[in-house]
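Convention: sequence-line order gives letters A, B, ...; per-chain numbering from 1.
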There are 2 protein chains.
Amino acid sequence: MKKSITIKEIAEKAQVSIATVSMVLNKKDKKISQATREKILIIAEKYNYTPNTMARSLITKQTRTIGLIIPDIVNPFFPEIARGVEDKASELGYSVIYCNTDDKIKREDKYINVLTEKMVDGIIFAHSSDRQMGFDSLDRCKVPILLIDRDYENKNVIGRVVVDNKKGAYMATSYLLDRGYKKIAYIAGSITTTTAIGRLEGYNQALTERKLVIDNRYIKVGEYKMQWGMQAAEQLLCEKEPADAIFCGNDLIAIGAIKKLKEYGLRVPEDIGIVGFDDIYLASLVEPPLTTIKQPNYEMGFKAAELLIKNLEKGRVNSVKNENNKILAKENNILLPTELIIRMSTK
Amino acid sequence: MKKSITIKEIAEKAQVSIATVSMVLNKKDKKISQATREKILIIAEKYNYTPNTMARSLITKQTRTIGLIIPDIVNPFFPEIARGVEDKASELGYSVIYCNTDDKIKREDKYINVLTEKMVDGIIFAHSSDRQMGFDSLDRCKVPILLIDRDYENKNVIGRVVVDNKKGAYMATSYLLDRGYKKIAYIAGSITTTTAIGRLEGYNQALTERKLVIDNRYIKVGEYKMQWGMQAAEQLLCEKEPADAIFCGNDLIAIGAIKKLKEYGLRVPEDIGIVGFDDIYLASLVEPPLTTIKQPNYEMGFKAAELLIKNLEKGRVNSVKNENNKILAKENNILLPTELIIRMSTK
DNA sequence: CTGAAAGCGCTTACAG
DNA sequence: CTGAAAGCGCTTACAG
């Protein structure tokens with residue numbers, strides 16, 4: 001491929017210094033005469049000049065690139081986040097390097113290193129729930145990190161954008177109770193993540209508020225998979241007093257549960273109520289359509305990019321002051337609301 | 001954030017020159033004594049040295065970053081591609097900057113510029129079908145481009161990885177004929193893209209091979225949306241001799257068609273056969289489960305990254321020779337096979 | 001085996 | 001209003 005013209009070459013052609021060219025091309029040209037300016041601009045246009053951002057970044061210490069580390073873009077939970085991030089970033093003149101970790105800490109660490117070497121200005125990170133406090137590669141990270149979806153404590157974390165899982169689970173459980181179901185089970189995908197803990201709390205709160213007893217036999221913990229939804233639903237059906245409604249940790253679990261209930265000849269929602277969490281593409285096409293707690297994934301990505309970049313640019317203004325503000329400003333912790341989407345069968 | 005130590009500082013601490021440090025850190029240290037090597041390595045380790053790839057790239061003209069330009073990561077067609085690209089790229093030591101265009105040529109052009117400025121080594125590009133030959137921003141692009149999914153002619157295109165749409169459509173249509181359906185309709189999403197043309201050809205071929213007449217009333221052209229599937233299915237049902245099977249341009253169209261058929265009280269596949277193209281997440285959960293032509297999207301991304309990077313590195317070896325090989329080597333045009341996935345109702 | 005020097009393409013005080 | 005110069009952090013011939 002043909003290489004680009006440089007400011008040095010433009011300077012020669014225009015018979016001016018490279019400093020002047022640089023200033024004109026960067027619009028820091030208040031002090032440059034109109035004649036000079038035009039001469040330079042015309043040459044740059046003619047030779048299709050593209051600046052070399054490598055060279056620029058070397059001086060400015062700013063790449064206008066951010067990293068996005070997620071478990072897996074194929075997991076339908078993440079494309080919307082990724083899209084939100086990219087939309088806001090590109091609006092603000094930033095590019096995004098994206099990385100898939102499959103929730104493996106080794107890969108996370110590798111990507112944090114790579115992104116550091118590429119000198120990204122910041123990282124948006126949906127980390128593995130297995131991440132352990134203590135001796136952590138995040139400590140050695142030289143780049144500000146903003147967490148999404150899952151929370152974590154680390155000195156390099158400058159902010160977090162998470163979903164109000166507790167409220168969502170509360171809404172889901174309350175919805176089922178409002179519709180007259182009495183014994184609400186909860187099929188969880190996990191119980192260790194901050195996300196999962198929030199959902200359990202919301203479930204508990206809804207029951208407690210109505211003075212209902214929390215029955216551990218109705219709480220099943222497994223993985224966020226369809227298979228587990230089927231398995232857990234079967235377990236629930238075998239209890240002496242089977243539950244009459246199920247709040248599912250995510251849509252995949254819910255879909256599995258529905259499948260199993262059908263096998264047992266149970267109708268949803270006539271015989272048993274179901275609400276899922278998350279919002280998978282086509283969830284509305286499953287039969288019966290799945291009522292879910294929708295997570296604002298696009299907004300999560302969008303807000304995260306906005307917050308990160310805002311902080312980066314603020315940081316540049318008074319970087320000295322920022323050096324040891326380990327206490328996170330409250331406005332850097334964003335809790336996004338969820339929404340209950342009720343879907344009815346069209347039959 | 002704390003800044004990284006530089007090779008200059010390491011050189012001072014180790015009492016050697018920066019050249020020596022550079023060689024050791026880059027493993028080009030055959031000629032360096034073991035003692036010196038170790039001294040340097042220990043210091044680098046101790047101070048948690050991370051190389052500044054900006055500085056390096058400025059000299060080597062290589063960023064080990066590629067661009068991925070796609071219409072929309074939220075469209076379920078693209079996550080698998082993106083994942084394939086990232087997997088292969090990271091395996092080969094490359095990062096990927098990803099961009100969403102919404103099929104807008106302006107955004108495509110913008111991203112091509114941005115990626116050029118960021119000095120990516122190459123671009124994997126799923127372009128808008130509206131792209132016009134002639135005065136084209138791609139011509140001015142300074143970076144090698146590899147096309148995926150959709151073909152296009154341009155001097156900067158060094159390769160293409162596309163799906164065998166013709167064969168896929170042929171398989172879909174033949175499958176329906178084999179099952180005894182007589183009048184196969186085709187609801188297309190488009191008729192202008194190379195992709196769409198391939199599918200139409202395959203459909204025609206299957207009919208022609210069995211000496212069946214191609215009836216234009218059975219071919220409906222619209223968009224790749226569920227809404228259009230519903231609409232077109234309705235149109236087909238209103239024909240004097242309604243079709244008894246439909247090959248759908250993609251899964252969304254197929255799902256829309258199924259929906260409409262249900263409204264008319266028609267059963268799939270007893271009353272009418274349906275085959276879709278593409279493979280959307282959860283397509284197996286729609287009722288009845290959708291038989292589709294699966295596109296090897298992950299492989300497409302994976303192969304694309306492999307092919308692009310292989311060419312980049314080859315190009316570096318003999319860049320002079322490569323300058324004007326406008327004729328694309330045959331091995332740079334990859335046609336990936338599709339697969340027929342038959343899904344039956346479990347009832 | 002190692003170092004001095006040039007240079008990648010740019011920005012940024014500083015001087016005039 | 002404009003230019004000369006230093007320097008960002010690195011690599012790469014070249015010399016010894």
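The side chain of A/Lys61 has D/dC8 as its nearest neighbour among C/dC10, D/dT11, D/dC8. When distances run from any side-chain atom of A/Ser33 to the nucleotides D/dC10, D/dT11, D/dT2, the shortest one goes to D/dT2. Among D/dC10, D/dT2, C/dC8, the nucleotide with an atom closest to any side-chain atom of B/Ile18 is D/dC10. Listed nucleotides D/dG3, C/dC8, D/dT11 differ in distance to B/Leu58; the shortest reach to its side chain belongs to C/dC8. Nearest to the side-chain atoms of B/Thr20 among the listed nucleotides C/dC10, D/dA4, C/dT2 stands C/dT2.
Checking the phosphate oxygens (OP1, OP2) of C/dG3, a side-chain nitrogen or oxygen of B/Ser17 falls inside 4.0 Å. Contact annotation: B/Tyr49 side-chain N/O to D/dG9 OP1/OP2 distance is not under 4.0 Å. Taking only side-chain nitrogens and oxygens, A/Asn26 comes nearer than 4.0 Å to OP1 or OP2 of C/dT11.
Taken from CE in B/Met54 to CE in A/Met119, the straight-line distance is 7.5 Å, to the nearest 0.5 Å.
With a cut-off of 3.5 Å on both Watson-Crick or G-U wobble distances, the partner of D/dA13 is given as none.
Residues B/Arg56 and B/Asn26 meet the side-chain proximity criterion, which asks for heavy atoms closer than 4.5 Å.
Across all strands, B/Ser57 comes closer than 4.0 Å to no nucleic acid atom at all (heavy-atom distances).
With a 6.0 Å cutoff to the six-membered ring centre and a 45° limit on the axis angle, A/Lys13 counts as a cation-pi contact of A/Tyr47.
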